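Written out below as structure tokens is the structure these notes cover.
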Amino acid sequence: MSGQTKIASPEARTAALKDALSKKGLIPEGALEGVIQTASEEWDPKNGARVVARAWVDADFRKRLLEDGTKACAELGYEGIQGEYIVALEDEPTRHNVIVCTQCSCTAWPVLGLPADWYKSPEYRARVVREPRKVLHEMGLDLAKDIAIRVWETSAETRYMVIPCRPEGTEGWSEEQLASLVTREALVGIALVTSA
Amino acid sequence: MSGQTKIASPEARTAALKDALSKKGLIPEGALEGVIQTASEEWDPKNGARVVARAWVDADFRKRLLEDGTKACAELGYEGIQGEYIVALEDEPTRHNVIVCTQCSCTAWPVLGLPADWYKSPEYRARVVREPRKVLHEMGLDLAKDIAIRVWETSAETRYMVIPCRPEGTEGWSEEQLASLVTREALVGIALVTSA
Amino acid sequence: MDGIHDLGGMAGFGTIAYEEDEPVFHEPWQATAFALNIVGIGVLRNHNADEYRHSIERMLPVHYLQACYYERVLTGAATLFVEKGLVDLDDLEARAGGSFPLAAPNADDPMVDLTPQPVARFKVGDRVGVKDIHPKGHTRVPRFCRGKTGTVLHVAPAFSFPDAAAHGGAFRKEHTYHVEFASTDLWSDAGSENESVVVDLWDSYLEAAAS
Amino acid sequence: MDGIHDLGGMAGFGTIAYEEDEPVFHEPWQATAFALNIVGIGVLRNHNADEYRHSIERMLPVHYLQACYYERVLTGAATLFVEKGLVDLDDLEARAGGSFPLAAPNADDPMVDLTPQPVARFKVGDRVGVKDIHPKGHTRVPRFCRGKTGTVLHVAPAFSFPDAAAHGGAFRKEHTYHVEFASTDLWSDAGSENESVVVDLWDSYLEAAAS
């Protein structure tokens with residue numbers, strides 16, 4: 001492919017690509033910074049947590065969320081790239097949902113944020129479809145054998161989010177309090193929500 | 001797996017394994033040297049070449065070889081480990097045979113020798129079953145579309161060898177002369193035998 | 001393509017490394033690589049998301065497994081910028097001060113013949129079979145469910161068909177379906193009871209199955 | 001196991017590197033590693049050939065693809081010497097002056113239930129289907145032919161059944177068959193006319209198919 005033998009670091013390669021495009025005037029001013037800001041600040045699992053909390057306290061919203069996740073998330077201002085078709089998956093006491101993208105690493109950026117490294121790892125992608133109970137166990141979530149597990153493979157344009165079961169002992173909590181319990185892990189289904 | 005972080009070289013790891021077994025007195029004197037000598041000197045594609053040449057000049061031997069490759073090879077003294085069940089595959093003008101072991105790198109050591117690196121490479125193993133004509137072309141063997149290709153996957157205990165077509169213009173050649181034409185590549189089917 | 005990216009169900013992988021309170025980006029170059037690709041898609045229109053996914057799939061398998069996610073993003077995006085002529089590999093390598101491994105070229109004849117299905121053929125509850133196709137180019141039907149039978153849980157809107165979009169094929173939209181497969185159907189008697197995988201599949205990947 | 005070793009048909013690999021007049025061993029350690037494994041099998045009876053093959057299959061995928069053949073041999077053999085207690089990993093690493101990556105442990109429940117077939121059930125010309133099994137342990141039925149139908153070209157003698165032999169299962173012998181599969185049956189319309197693959201398959205991997 002080239003006369004060079006030593007592979008440049010990813011950092012040097014990234015700088016090279018940026019410089020080569022910039023030198024040709026192809027990168028509009030502020031475009032990269034804008035993307036990075038959106039990715040770092042706007043796309044946030046706290047958004048998904050707020051969606052979940054709202055669904056827990058507002059039965060009408062929950063119904064709308066299950067019927068049209070995209071529109072319900074947009075009500076709270078969460079929409080856009082990789083959020084064009086959001087489907088919310090409601091956990092039940094007897095059925096647990098977990099999300100993966102085995103072929104790349106798709107996820108619902110506006111509500112879940114950019115995915116964590118574990119989600120993008122070959123280990124998770126390879127294993128969770130074949131042995132979800134074992135994978136969840138290794139990640140700290142023990143599910144009894146009689147709880148069914150549905151693994152959702154993000155192979156097309158649907159972007160999933162999990163609505164975990166509301167933990168006991170949270171009756172009367174505010175929406176904000178509830179949202180603070182919902183972790184990014186719970187939104188993908190590798191953890192439950194607890195009030196402890 | 002260990003507190004060590006830097007991976008020792010394969011050379012250092014091999015020496016470590018040899019030393020650890022030796023220190024326990026587990027390696028009989030001369031055992032390793034004996035294996036290495038056999039692998040380096042006895043298992044030799046020249047053996048397979050002699051089998052092929054014999055089959056070309058001796059119709060009875062050819063018949064025995066096709067009926068029971070193991071026994072026929074043993075007539076010439078080629079037998080033993082990884083030669084317990086040898087099947088010879090005779091090329092025809094309209095059908096070419098090529099050998100692979102996709103899952104490891106099995107081959108008939110007594111007649112073909114230990115396989116070359118290309119045979120053991122993930123590239124060959126992955127590709128030759130799916131696109132043999134293209135692989136052979138890349139390796140210098142162009143087969144017309146009307147020549148059928150059979151790829152033999154060494155997935156069990158059969159060890160294959162190819163009997164290539166005898167090249168034209170070799171009428172009256174001695175068995176030894178003919179054997180000198182048969183390359184290790186031809187015995188696996190990535191090359192033809194030519195008299196040039 | 002039946003490539004290394006199609007990891008679902010592959011055995012031999014170890015423990016999943018989990019980092020508490022992981023940042024969005026671990027290093028600034030990762031953010032830049034991510035942004036370069038997004039700008040390449042959304043602003044420069046250099047490539048679309050399907051071409052981008054496939055550019056990563058075309059990485060050599062050992063490079064794919066060695067690279068972290070953002071190195072994969074970088075490699076895929078850079079490959080497409082080079083292939084479309086916006087930048088030159090020699091220039092990139094000179095700037096980087098070392099070699100810049102790209103993904104391998106696209107396959108000849110990357111698409112298989114699948115009849116377009118503009119109208120949803122299936123409904124919730126239908127049993128569907130996944131065609132056993134092996135396109136040389138981009139496809140979004142994981143190998144682990146090919147040839148398998150599942151049940152439609154949900155009918156999603158029509159979306160651009162990726163096998164075509166990744167290779168300049170005629171634009172078409174088809175509904176996708178959330179199809180549930182029992183683990184024991186996917187992995188035979190090495191599967192597990194009470195576990196299933198739901199795969200989101202375009203209409204033309206599917207055929208009707210006996211219920 | 002559906003591991004990285006099961007490479008047949010996987011796309012994305014590049015050109016095959018070919019070396020003219022290649023030596024049997026490129027470096028002395030490769031000869032030693034090879035011999036250590038042969039002695040481990042044939043003299044020490046530490047392990048059998050099926051355990052050995054599987055020990056290599058259990059290498060982490062990225063290590064598998066990075067390693068040359070003899071590093072795979074070394075890793076597999078060392079794993080089995082450690083697992084059987086003949087040597088100690090800490091001792092090996094102290095001697096090597098660095099870490100000594102081994103293969104991952106065997107899976108729990110490595111075998112699937114296949115009825116032993118002591119008598120050859122098929123004959124030349126029979127159409128046979130390959131069971132779609134996915135054992136977690138060692139198996140010698142490549143993934144690319146599972147679920148496919150082929151034709152028996154040859155009936156070989158009975159040999160030890162590897163899925164059992166690799167995991168201390170009850171010893172049994174079964175005939176193997178050279179089964180020919182058309183390329184277009186294996187890879188659908190991405191296969192090629194006038195090409196076929198012949199796979200050598202144990203009896204219990206197979207079932208009768210309509211002709």
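Sequence lines set the chain letters: A, B, ... in the order given, protein chains first and strands last, and positions in each chain run from 1. All heavy atoms count here, side chains included; hydrogens, waters and symmetry mates do not. Given the structure is predicted, the values throughout are model-derived calculations rather than measurements.
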C/Val198 versus chain A, heavy atoms under 4.5 Å apart: side chain, backbone, both or neither?
both
Taking side chain as everything from C-beta outward and backbone as N, CA, C, O, which of these in C/Ser196 sits under 4.5 Å from a heavy atom of chain A? Side chain, backbone, both or neither.
both
Hey, does the side chain of A/Lys24 reach the backbone of C/Leu86 with a donor-acceptor pair shorter than 3.5 angstrom?
yes
Using 0.5 Å steps for rounding, measure from the CE atom of C/Met10 to the OG1 atom of A/Thr102.
11.0 Å
How would you list, in number order, the residues of residues 61-74 of chain A that have a heavy atom less than 4.5 Å from chain C?
none
Do A/Pro28 and C/Val43 have side chains that approach each other closer than 4.5 Å (heavy atoms only, starting at C-beta)?
yes
Closest non-hydrogen atom pair between A/Glu123 and C/Gly14, with its separation
CG-O, 3.4 Å
Chain A contact via C/Thr75 - which portion, at a heavy-atom distance below 4.5 Å:
side chain
Is it the case that the side chain of A/Arg13 and the backbone of C/Gly98 share a donor-acceptor pair, with hydrogens and angles ignored and the cut-off at 3.5 Å?
no
Where does the angle between the aromatic ring planes of C/Phe34 and A/Trp43 fall among parallel (under 30°), tilted (30 to 60°) and perpendicular (over 60°)?
perpendicular
Which bit of C/Pro142 is near chain A, if near means a heavy-atom gap under 4.5 Å: side chain, backbone, both or neither?
both
Can a donor-acceptor pair be found, under 3.5 Å and without considering hydrogens, that links the side chain of C/Arg140 to the backbone of A/Ser155?
yes
I'd like to know whether A/Ile27 forms a side-chain contact (heavy atoms from CB on, under 4.5 Å) with C/Leu36, so could you lay out the CA-CA distance, the side-chain angles of the two residues, the decisive distance to 0.1 Å, and finally the verdict.
CA-CA 9 Å; A/Ile27 302 191; C/Leu36 284 167; 3.6 Å; yes
Segment of C/Val199 engaging chain A (4.5 angstrom heavy-atom cut-off):
both
Could you give me the CA-CA distance, side-chain angles and deciding distance for A/Lys120 and C/Tyr70, then say whether side-chain contact (heavy atoms from CB on, under 4.5 Å) is met?
CA-CA 10 Å; A/Lys120 298 175 289 196; C/Tyr70 289 108; 3.6 Å; yes
Non-hydrogen atoms of chain A under 4.5 Å away: do they reach the side chain of C/His54, the backbone, both or neither?
neither
Given a strict heavy-atom distance threshold of 4.5 Å, which part of A/Arg133 is in contact with chain C: side chain, backbone, both, or neither?
both
Tell me, for A/Glu185 versus chain C, whether the close heavy atoms (under 4.5 Å) come from the side chain, the backbone, both or neither.
side chain
Residue C/Glu193 versus chain A: region with a heavy atom under 4.5 Å
backbone
Relative to chain A, which segment of C/Leu65 carries a heavy atom at a distance below 4.5 Å: side chain, backbone, both, or neither?
side chain
CD of A/Glu11 to CD of C/Gln30: how many Å apart, nearest 0.5 Å?
10.0 Å
Go through the steps to decide whether C/Ile38 and A/Thr38 satisfy the test side-chain contact (heavy atoms from CB on, under 4.5 Å), and finish with yes or no.
CA-CA 11 Å; C/Ile38 296 292; A/Thr38 302; over 6 Å; no
Side chain, backbone, both or neither: which part of A/Glu138 has a heavy atom under 4.5 Å from chain C?
side chain
Would you mind checking which part of A/Leu26 comes under 4.5 Å of any heavy atom in chain C, side chain (CB onward), backbone (N, CA, C, O), both or neither?
both
Counting only heavy atoms closer than 4.5 Å, note whether C/Glu22 contacts chain A via side chain, backbone, both or neither.
both
What are the two closest heavy atoms between A/Ile7 and C/Ser99, and how far apart are they?
CG1-OG, 3.3 Å
Can you say whether C/Val82 sits under 4.5 Å from chain A via the side chain, the backbone, both, or neither, judging by heavy atoms?
neither
With a 4.5 angstrom heavy-atom cut-off, is it the side chain or the backbone of A/Ile147 that approaches chain C, or both, or neither?
backbone
N/O donor-acceptor pair under 3.5 Å between C/Asn194 side chain and A/Lys145 backbone:
yes
Residue part contacting chain A, namely of C/Thr139, when any heavy atom lies under 4.5 Å:
backbone
Atom OG of C/Ser183 and atom CZ of A/Arg130: how far apart are they, to the nearest 0.5 Å?
8.0 Å
Is A/Ala15 close to chain C through its backbone or its side chain, or both, or neither, when contacts mean heavy atoms under 4.5 Å?
neither
Residue-level contacts of residues 82-90 of chain A with chain C, using a heavy-atom cutoff under 4.5 Å:
A/Gln82, A/Tyr85, A/Val87
Side-chain contact test, heavy atoms from C-beta onward, threshold under 4.5 Å: evaluate it for A/Glu153 versus C/Phe144 and give yes or no.
yes
What option among C/Ala11, C/Pro157, C/Pro162 has the most heavy-atom pairs under 4.5 Å with chain A?
C/Pro157
Residue A/Glu29 excluded, over 12 heavy atoms near CD under 6.0 Å:
no
Is C/Ala49 close to chain A through its backbone or its side chain, or both, or neither, when contacts mean heavy atoms under 4.5 Å?
neither
C/Arg95 (side chain) donor-acceptor with A/Ala12 (main chain) under 3.5 angstrom:
no
Contact between A/Met139 and C/Ile16 at the side-chain level, heavy atoms closer than 4.5 Å - yes or no?
yes
Non-hydrogen atoms of chain A under 4.5 Å away: do they reach the side chain of C/Ala17, the backbone, both or neither?
backbone
Contacting moiety of C/Leu153, where chain A heavy atoms sit under 4.5 Å:
side chain
Proximal component of A/Thr158, with respect to chain C [non-hydrogen, under 4.5 Å]:
both
